[in-house]
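Here the structure is a predicted model, which is why all the values come from computation and not from measurement. Chain naming here is simple, since letters A, B, ... match the order of the sequence lines and numbering starts at 1 in each.
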Number of protein chains: 2
Amino acid sequence: LIQISDLHKTYHMGDVEVNALCGVSFAIEAGEHMAIMGPSGSGKSTLMNLLGCLDTPTSGAYLLDGEDVSRLDGDRLAAVRNRQIGFVFQQFNLLSKESAVQNVELPLIYAGVPDRRERAMAALERVGLADRAHHRPRELSGGQQQRVAIARALVNSPSIVMADEPTGNLDTKTGLEILQVFDELNDEGITLVMVTHDPRVAERCKRVMRLVDGEVVSDVFNHQE
Amino acid sequence: LIQISDLHKTYHMGDVEVNALCGVSFAIEAGEHMAIMGPSGSGKSTLMNLLGCLDTPTSGAYLLDGEDVSRLDGDRLAAVRNRQIGFVFQQFNLLSKESAVQNVELPLIYAGVPDRRERAMAALERVGLADRAHHRPRELSGGQQQRVAIARALVNSPSIVMADEPTGNLDTKTGLEILQVFDELNDEGITLVMVTHDPRVAERCKRVMRLVDGEVVSDVFNHQE
Ligand SMILES: Nc1ncnc2c1ncn2[C@@H]1O[C@H](COP(=O)(O)OP(=O)(O)OP(=O)(O)O)[C@@H](O)[C@H]1O
Ligand SMILES: Nc1ncnc2c1ncn2[C@@H]1O[C@H](COP(=O)(O)OP(=O)(O)OP(=O)(O)O)[C@@H](O)[C@H]1O
Ligand SMILES: [Mg+2]
Ligand SMILES: [Mg+2]
């Protein structure tokens, strides 16, 4: 489903170059449940932004479902992204002027799907926030905003969900409820890629890849069951 | 140092009322090291915003160093806050157009302190980010932004540091390095109040208070040493 080959990402700030990814290669099969871990600043969000088709690499190839997406322009990239991928941002990226349910409806508007209000409310219900549907982001707690961002990523039943630190702002009990939702999605066949710092999240994933300074240092398949 | 009595905070959204804090009372002595825990949405950030003099309660009293700050207006509140409190926000609240070191210099500008650049660079050094001083927030990873927010809270040597989830975006090793910095501050006599979801953070605090639905359900002093 996903094939990454020798991916590089270099950020340019004036005359300074930051090599955030230095030649990353791996493949992900449909239906996998994978965690990406590593120190702060090691390149996890940079990799997720490339995997989620939110950015293009400096060099290297990315085949998504057999299609080379590494050289697509903005519009084509957005079309691929909206069709197949649900993305949960590390900083949530909710629209501050819209309510929670309006934020969750957004992918359905892009996709031209009917019954948007019912589907968005069902997604909010699933993350435990039906009673906060009409709050705007600044009228929600940090963990509630994070759960709205998760509901928005799920609402259009994508084939792949990519979540960048989805439990960072959640207490243990709420975090476990959200991980339960992710497990159910994976049981339904949805491919899950999750960046996490939390060992309790990683232990539920069947595969854990570690990044250090923009390189893959380990990639372990967990054959416990 | 801090005395809170029957604090209430109600948010009004149109005709909906959200009772975020429902009568919270406790005291904190100078030099304490306290964690505040509780489920997502239980009122922790609301309480921290009141303790940090960023907001005023709907009712109840808050004595800070013997002075009643619960009824101060915006300017007086800001003056108290800048003089005594270093605050680390859950969402960092960095200025997006300024570099990391410029963000850390901000409290020193308010306080009229000289040698701002050297002091700000020393604070960034202490959180391990001297090599990212000229990056703006969007040129930093999530955990790096969090550490800039921590450096900004420390730079003016406040007598109290309040941190809302300071390790949520940090990997275990970087998180421990930051907790080490907090422990050193506490050894120097600085009062620490920290909201956290991470049990590993709470176990280093000598006192753990738990909130559920806007009320204090437990307040345990840890007399292990
Ligand atoms: N400006 C606001 N208007 C209306 N409701 C609000 C506002 N800010 C917070 N709330 C509500 O008040 C409750 C407490 O919010 P608060 O941010 O204090 O929670 P929290 O304990 O910090 O949660 P988290 O761990 O998720 O950050 C939440 O249910 C939230 O929806
Ligand atoms: N737009 C940018 N311009 C310059 N440097 C950047 C930019 N975005 C990220 N970086 C740098 O690239 C490196 C990798 O950043 P990235 O956000 O991928 O890290 P991360 O592994 O997600 O970290 P965290 O766990 O703290 O979120 C960091 O050192 C960061 O400072
Ligand atoms: Mg990141
Ligand atoms: Mg909070």
Exercise for the section: State the CG-CG distance between Leu7(A) and Leu51(A), to the nearest 0.5 angstrom. Expected result: 7.5 Å
Completion exercise
Interatomic distance, CG@Leu77(A) vs CG@Leu64(A), rounded to 0.5 Å, equals 10.0 Å
Practice task
State, yes or no, whether a side-chain contact exists between Ile160(A) and Ile28(A) at a heavy-atom distance under 4.5 Å.
Solution key: no
Completion exercise
Applying ring pair (Phe, Tyr, Trp, His ring centres under 6.0 Å) to Phe92(B) and not counting sequence neighbours gives none
Chain B/chain A interface donor-acceptor pairs under 3.5 Å:
residue   : atom : partner   : partner atom : Å
Ser40(B)  : N    : Asp171(A) : OD1          : 2.7
Ser40(B)  : OG   : Arg147(A) : NH2          : 3.0
Gln90(B)  : NE2  : Asn169(A) : OD1          : 2.9
Arg147(B) : NH2  : Ser40(A)  : OG           : 3.0
Asn169(B) : O    : His197(A) : NE2          : 3.0
Asn169(B) : OD1  : Gln90(A)  : NE2          : 2.8
Asp171(B) : N    : His197(A) : ND1          : 3.4
Asp171(B) : OD1  : Ser40(A)  : N            : 2.7
His197(B) : ND1  : Asp171(A) : N            : 3.4
His197(B) : NE2  : Asn169(A) : O            : 3.0

Handout entry: Val212(A): side-chain contact (heavy atoms from CB on, under 4.5 Å) partners, not counting sequence neighbours
Key = Pro39(A), Val217(A)
Practice task
Can you sort out the partners of Phe182(A) under ring pair (Phe, Tyr, Trp, His ring centres under 6.0 Å), two or more places apart, ordered by chain and number?
Solution key: none
Exercise for the section: Answer with side chain, backbone, both or neither: which region of Val18(A) has an atom nearer than 4.5 Å to a non-hydrogen atom of chain B? Expected result: side chain
